[in-house]
Visitor: 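Have a look at this one before I ask anything.
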Amino acid sequence: MAKLFATGKAVARDEENEAEALSRRAYALGVLRSVMITLAVSAVLVFAIEFVARGSFVDTLNFFQQPFKPSWTTVALFALLIIGFDALLGRPYNGLLVVAPVALALAFVGHQKSLYLGDPLYPTDFLYIRQIVELMPLLVRERPLAGIGIAAGLIGGISLLVLAWRYWRRRMPALSFWARMSRLAIAIPALAFFVSIMDYATFSWTRDRLQIIPMMWDQKENYASNGFAIAFALNVPMAKVKAPQGYSDKAIDAIAAPSQAAAVLPEEKPDVIIVMSESFWDPTRLPGVSITPDPIQNVRAAQSGHVFSPEFGGMTANVEFEALTGFSNAFLPAGSIPYQQYVRAPVPSLATFFKSEGYDTKAIHPFGSWFWNRSFVYKDFGFDTFLSEENLPPLEKRGPLVSDAALTEEIIRQADATDHPFFFFAVSLQSHGPYEPNRYSDTTHKVDAPTSQWTRDSILTYAEGASDADRGLKRLMDWASKRERPTVIAFFGDHLPPLGPVYVETGFMKEPVAKRKAPLDEMLVQHETPLVVWSNRTGAARDIGSISPAFLPLHVLETAGISHPYYTGFLGDLHDRYRVVDRNMLMPRQGQSVFDWSRQKELDPAIRDFRWLQYDMMFGKRRGAKGFFPETVDKVVANRTRSPLFVRDEAFS
């Protein structure tokens, strides 16, 4: 009996062990199945993201062809994200409903930005999300069907997401406590590891083995090679600018001192007006297009040269930054916006200098003071006053925006009411895109071109706005010609207009956006805007050529008969060597242009010193202030902790 009982216990034990083994096997198979499903779902999601961001099925397939390319690393990254969100939300695969909509939406926005502006989506773009929201009414007014489609898509997408969420929560069983903890134990350390290798400025052996190569000098190739998600992540650290190699106090002290130790002004101080005209360009450059009468005849008659814009179709603030400071975007991370990210304390500018010489300094822009964070930036640049739509009198509009004629009259009104010498910087608004047909009901030009009617009408819309800007300059010059006080006027376009398909249909460009890297002839055609530097005493400056906006202060002060240690001294010496300092290209006054110059082991000492001095004044100890910006010495420079996001400064406006 005892033997029989022992045998029964053994059988029961064996059955229990077998059941436990089957249970463990089932659990292991369940975990394996869950991992495989998560990886498969992640692969589909990454493929969808790349397809949306690239807009090409073939390019997306090519991205996945090689097994050790970043594509499969991205799949693993998204699998970890989904696993982590599953643990937090308490349901298997629930994280997909969070990760997928966000990632796909970012990819869609990135694709639209690349079509419209030619650049990928950067994390810093979200610093000016309010600008996009505020411009939506204009975009919808010009493209009502597109606006309806976007609204319908948003409503439909959100509705589907809510329904999917509710369905998923009802149908999927809740994860146990230990299942959630095990998922977090896997996801958090792995994701933390990914974050640690995303700093492109430091070498990572693991990142190198995964063939993730940060190409920060060429963001299009960066996104194409590494994929949307990883390239986007690589751009996150750009919010912090590191000191360039070799920068030190001794390096700044060793920069050749300018020939003039202090600024020198004429006995009769000249008034200075700079007008940055929104998207102003010469539309007669479009091949096969005839526009009558000439839309920019006054600019053409007084033209001094061209500005080589570092941007295309947008990013006005970056061009403005160079024109006011004499510094260069070429030394800042690609995709960065100094107005949003880096101007957190007083930065020397033309306004700083003129203010130190007793000038009234005034910025004028008939839009919101928060736009591009200007209310704070202008104060840091040394402007006494910023006249924006909040404190300007009602100005007449042409089309949906304040007219160039009204802005010109306001500039004149402000000048006539000023007794002291003044420096005005004005940014126009009328010619902001888009340039849909029939924007103006009272057009005065005729366009002939072997293109579609839509393209001809779009060109007419743009030409009409350019002509208004041209007449605004003529009005300003006629007014200044009658003044007794010496007056200098500079007028230029910030970038080519975002005409999109017009460029392709006319054959001006093969793509609707300009190239960032191309042979010199192409770069000049796709980035040059007209420049006028004019004085009521000496007329128009001539033969300036094509210059970076950073050299504008040099030509303005030289025309005004003013010398300054930095703006005419240092920049003057640099301009003797280079006309254009661009992120991807250096254009010397003589000799061959230098492409990918920033990747060279040794920089031209002139460019190296330019880079060091800019870093020193923006991020460093301002060691070079005494020698190059004496007007800033003994001034309080207090870093302000504040949000960069569009706060209006009531006291300054």
Side-chain angles (χ1 to χ4, degrees), residues 18-54 57-107 160-161 163-198 206-207 209-212 226-233:
E18 185 176 352
E20 288 180 2
L22 289 172
S23 177
R24 286 195 297 270
R25 191 178 301 116
Y27 179 78
L29 289 173
V31 171
L32 179 61
R33 182 171 61 250
S34 177
V35 169
M36 297 304 295
I37 292 174
T38 302
L39 286 171
V41 167
S42 299
V44 173
L45 175 58
V46 172
F47 191 93
I49 292 168
E50 291 301 324
F51 176 66
V52 171
R54 297 167 188 265
F57 188 79
V58 174
D59 287 349
T60 306
L61 280 178
N62 291 337
F63 180 63
F64 277 86
Q65 273 186 345
Q66 296 177 322
F68 298 109
K69 279 291 185 181
S71 56
W72 299 105
T73 302
T74 310
V75 170
L77 176 61
F78 272 89
L80 290 168
L81 284 171
I82 292 172
I83 289 171
F85 275 104
D86 286 350
L88 295 174
L89 298 171
R91 295 286 194 283
Y93 316 119
N94 214 172
L96 181 65
L97 298 180
V98 175
V99 175
V102 172
L104 289 169
L106 290 175
L160 287 174
L161 186 60
L163 290 173
W165 181 272
R166 294 179 62 183
Y167 175 82
W168 206 265
R169 299 294 290 185
R170 287 198 305 264
R171 294 292 300 269
M172 296 301 292
L175 292 170
S176 68
F177 174 80
W178 292 112
R180 297 174 72 174
M181 290 300 102
S182 62
R183 281 168 166 77
L184 287 175
I186 294 171
I188 291 178
L191 289 172
F193 172 74
F194 269 108
V195 170
S196 70
I197 68 172
M198 284 300 110
T206 305
R207 189 178 64 214
R209 299 287 79 75
L210 293 173
Q211 297 189 22
I212 299 172
N226 293 313
F228 176 83
I230 287 181
F232 188 85

Visitor: Is a side-chain donor or acceptor of Arg183 paired with a backbone partner of Asp86 at a separation under 3.5 angstrom?
Guide: no
Visitor: Do Leu45 and Leu104 make a side-chain contact, defined as non-hydrogen atoms from C-beta onward lying under 4.5 Å apart?
Guide: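 Yes. Closest side-chain heavy atoms under 4.5 Å.
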Visitor: Measuring from atom CG of Asn62 to atom OG of Ser71, what distance do you get when rounded to the nearest 0.5 angstrom?
Guide: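 The OG atom of Ser71 is 11.0 Å from CG of Asn62, to the nearest 0.5 Å.
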Visitor: Between Phe194 and Leu80, does a side-chain contact (heavy atoms from CB on, under 4.5 Å) hold up when you go through it step by step?
Guide: CA-CA 10 Å; Phe194 269 108; Leu80 290 168; 3.8 Å; yes
Visitor: Shortest non-hydrogen contact from Ala43 to Trp72?
Guide: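 Distance-wise, the nearest heavy atoms are CB-CZ3, 4.5 Å.
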Visitor: With sequence neighbours excluded, tell me which residues meet side-chain hydrogen bond (donor to acceptor under 3.5 Å, both in side chains) with Asn226.
Guide: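 If we apply the side-chain hydrogen bond (donor to acceptor under 3.5 Å, both in side chains) test to Asn226, skipping adjacent residues, the hits are Asn222.
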Visitor: Is there side-chain contact between Ile83 and Leu184, with heavy atoms separated by less than 4.5 Å?
Guide: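 Of all side-chain heavy-atom pairs linking Leu184 with Ile83, none is under 4.5 Å.
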Visitor: Any heavy-atom pair between the side chains of Ser42 and Ile82 that's under 4.5 Å?
Guide: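 The answer is yes, as the side chains (C-beta and beyond) meet within the 4.5 Å cut-off.
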Visitor: So, for Phe63 and Pro70, which heavy atoms are closest and what is the spacing to 0.1 Å?
Guide: CZ-C, 4.2 Å
Visitor: With sequence neighbours excluded, what pairs up with Arg54 under the side-chain hydrogen bond (donor to acceptor under 3.5 Å, both in side chains) test?
Guide: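 If we apply the side-chain hydrogen bond (donor to acceptor under 3.5 Å, both in side chains) test to Arg54, skipping adjacent residues, the hits are Glu50.
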Visitor: Taking only residues two or more places apart in sequence or in another chain, which ones pass ring pair (Phe, Tyr, Trp, His ring centres under 6.0 Å) with Phe57?
Guide: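 Per chain and number, Phe57 pairs via ring pair (Phe, Tyr, Trp, His ring centres under 6.0 Å) with Phe47.
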Visitor: Would you indicate whether the side-chain heavy atoms of Phe64 and Val46 approach each other to under 4.5 Å?
Guide: yes
Visitor: Measuring only between side-chain heavy atoms, which start at C-beta, is Phe78 closer than 4.5 Å to Ile49?
Guide: yes
Visitor: Is there a side-chain contact between Leu77 and Leu191 (heavy atoms, below 4.5 Å)?
Guide: yes
Visitor: Should we say atom CZ of Phe232 is surrounded by more than 12 heavy atoms from elsewhere, each under 6.0 Å from it?
Guide: yes
